[in-house]
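Only this structure's heavy atoms are used, side chains among them; waters, hydrogens and symmetry mates stay out.
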Amino acid sequence: MLWLKPTFAGVCLCLMAGFTTVARAETPAWHKVAYQVPAESSIAQLAHKHYDLFAFFLSNALHGEGKTTFLQVSEQVRNKIQWRDANGKNDYLQAFIRSYPFVKKADLQGMPDSILLIAYLESQWHGKKGKKSADYGYWQLTPEVLKEIQTLDYVSDAIKTTGINKLRSNASLSTQAAQVHLHRYHFYFADVAGFAESDAWLLTFTAYNWGSGNVKRLIADMESRGIALNFANFYHELYAQHLKQPSDRSLKAAVEYVPSLWNIAQLLKDAH
């Protein structure tokens, strides 16, 4: 992978480059996983695709202490994700089933289906969940994030002109806005910072929860201490920070975020 230069923070401006500024010379390797499914998809095939894609990212990114720590946390959050009520229903599985009529037709803009796991985790696919003054809607986007997205010249007129609350509670528009948000994160980690493909996606998922600024600061700190820059080492350092500050709810959520997504992927596969 490419190593980050001392001017790490300065290249944040590249996030404004938009969806189509960089054309990849090679087809991402995860395509070989995602597109090995029959043309006529089913909910079971999508469930297995979620699992296969996430397993692909993790198998390529995790190693050493980072892998050990990740698997430990994944086991710790398993019960919270896998829990079923007295009727045998699970919130995340119900979210997957509820969203299927929409997502089976959704244009993911070249991103892996794994991004949909975020919406299952964030809102359990409820359009009016959360606080309108903070996280709200299908993707739990904040007003500040959406107001910034609405200023971008490459987003659709519908995103630019729709009210913040209506946008967040609309499945199609909120998904498009989330894709813009995720694409900018992934563009940074993959094309600016030069992380390997699987690392870039896992860092993107972490940044969606913890914020890109926090992720970049930890990476810059790792670089200053001569720690090799990859997701496994990042995750180990993130966990170490959490142990030093166990009462910090933001750090705890960041540590548990990708393991929770992985547990949802396993849940969906096992149920189908």
Check: [Y] and [X] side chains under 4.5 Å, non-hydrogen atoms:
X: F187; Y: V192; value: yes
X: D113; Y: F54; value: no
X: T206; Y: F231; value: yes
X: K244; Y: Q241; value: no
X: P112; Y: F57; value: yes
X: T69; Y: V255; value: no
X: L71; Y: K67; value: yes
X: Y235; Y: V73; value: yes

Sole residue of Q76, K80, H242 in side chain to side chain donor-acceptor pair (under 3.5 Å) with E256:
K80
Do the side chains of [X] and [Y] join up, straight or via other hydrophobic residues, at under 4.5 Å, putting them in one cluster?
X: F96; Y: W83; result: no
X: I118; Y: Y136; result: no
X: F189; Y: I227; result: yes

Checking side chain to side chain contact (heavy atoms under 4.5 Å, CB included) between H181 and each of T204, L141, L146, which is the one that passes?
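Single side chain to side chain contact (heavy atoms under 4.5 Å, CB included) partner of H181 among T204, L141, L146: L141.
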Hey, what do you get for [atom1] ([X]) to [atom2] ([Y]), rounding to the nearest 0.5 Å?
X: Y92; Y: I264; atom1: OH; atom2: CD1; answer: 6.0 Å
X: F205; Y: L121; atom1: CZ; atom2: CG; answer: 11.5 Å
X: H126; Y: Q94; atom1: NE2; atom2: CD; answer: 9.0 Å
X: L62; Y: S198; atom1: CG; atom2: OG; answer: 9.5 Å
X: D248; Y: L243; atom1: CG; atom2: CG; answer: 12.0 Å

Test item: [X] side-chain N/O and [Y] main-chain N/O as donor-acceptor pair under 3.5 Å:
X: N230; Y: A61; result: no
X: Y100; Y: I43; result: yes
X: E197; Y: A29; result: yes
X: N233; Y: A228; result: yes
X: R98; Y: Q124; result: yes
X: Y257; Y: K252; result: no
X: H272; Y: L268; result: yes
X: R168; Y: K132; result: yes
X: N90; Y: I81; result: yes
X: Q109; Y: Q176; result: no

Regarding K147 and E144, does a basic nitrogen lie under 4.0 Å from an acidic carboxylate oxygen?
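Looking at K147 and E144, the cut-off is not met.
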Verify side-chain contact (heavy atoms from CB on, under 4.5 Å) between L108 and L116, making sure each step is shown before the conclusion.
CA-CA 9 Å; L108 297 183; L116 298 168; 4.2 Å; yes
Please check if the number of heavy atoms outside K160 that lie under 6.0 Å from its NZ is greater than 12.
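Counting other residues, nucleotides and ligands, NZ of K160 exceeds 12 neighbours.
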Could you walk me through whether I164 and Q150 pass side-chain contact (heavy atoms from CB on, under 4.5 Å), step by step?
CA-CA 9 Å; I164 295 294; Q150 287 181 322; 3.5 Å; yes
Listed by chain and number, what are the salt bridge (Lys or Arg N to Asp or Glu O under 4.0 Å) partners of R225, not counting sequence neighbours?
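Once residues adjacent in sequence are excluded, the partners of R225 under the salt bridge (Lys or Arg N to Asp or Glu O under 4.0 Å) criterion are D221, E237.
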Is it true that F70 and W262 have ring centroids separated by less than 6.0 Å?
no
Would L53 and W201 satisfy side-chain contact (heavy atoms from CB on, under 4.5 Å), going step by step from the backbone distance to the final call?
CA-CA 11 Å; L53 277 169; W201 278 114; over 6 Å; no
Determine, step by step, whether Q140 and K129 satisfy the side-chain contact (heavy atoms from CB on, under 4.5 Å) criterion, reporting the C-alpha distance in whole Å, the side-chain angles of both residues, the deciding distance to 0.1 Å, and the verdict.
CA-CA 8 Å; Q140 295 290 283; K129 183 172 183 177; 4.1 Å; yes
Distance only, no hydrogens: is a donor on one side chain within 3.5 Å (strictly under) of an acceptor on the other, for [X] and [Y]?
X: S123; Y: W139; result: no
X: E122; Y: Y208; result: no
X: T175; Y: Q179; result: no

Between L173 and L167, which heavy-atom pair has the shortest distance, and what is it?
O-CD2, 3.9 Å
